[in-house]
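Since the model is a prediction, treat every value here as computed from it, not as a measurement. Both counts, for ligands and for their atoms, begin at 1 and track the order of listing. Basis for what follows: all heavy atoms, side chains included, without hydrogens, waters or symmetry-related copies.
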Amino acid sequence: MSTHVGRSWDGPGDIEATCPCPKAPCGLIDRDNVSDECDQHPYEHMKSIRTRHSADDCPGVGRDVVVAMARTYAARNEIIREAMTEAEGYYSVGLLDAIDEYRAAVEHEAAERILSAPFRDHMLQPHQRRAAANLIDPKESK
Ligand SMILES: [Zn+2]
Ligand SMILES: [Zn+2]
């Protein structure tokens, strides 16, 4: 039986979002399906694992949130990259675009978190949950 693991205490975190391993349906990493390129999840790196469950106990939702977190992280880095190339007293189009993308990424991540949250945390019916997510992210949430 394979095990789904993460390096944060409370479910998948930035490490899972940004590492090259394939994501399990919950957003964690399947210990039997890690990437050779990853320096966090393969056994040989001996990193502490703080979240785990067996594949049988997988909640089956959460991967969309982790994918959204990766977009937010990349958008944040793009702002920093664009800002570093900006001359004083001048706004580059690239920086403004990067800020817009960061906002869209954060809104999308928030909508995916609402859509993926366990029922016990919100008690919303599916159509209510979708309506809430659509208020934040009308284009992207599905
Ligand atoms: Zn990994
Ligand atoms: Zn899982």
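Rounding to 10°, one obtains 110° for the angle at the Zn ion (ligand 1) between SG (C38) and SG (C21). Rounded to the nearest 10 degrees, the angle NE2 (H53) to the Zn ion (ligand 2) to SG (C26) equals 110°.
Under a 3.5 Å cut-off, the side chain of R63 and the backbone N or O of K23 do form a donor-acceptor pair.
The Zn ion (ligand 2) is closest to atom ND1 of H4 (considering only N, O or S atoms). Counting just the N/O/S atoms of H41, the one with the shortest distance to the Zn ion (ligand 1) is named ND1.
Side-chain contact between M69 and P12: absent, with no pair of heavy atoms (C-beta onward) separated by less than 4.5 Å.
Side chains of R31 and S2: a donor-acceptor N/O pair is absent below 3.5 angstrom, by distance only.
The local environment of CG in D36 is sparse, with at most 12 non-hydrogen atoms from other residues, nucleotides or ligands closer than 6.0 Å.
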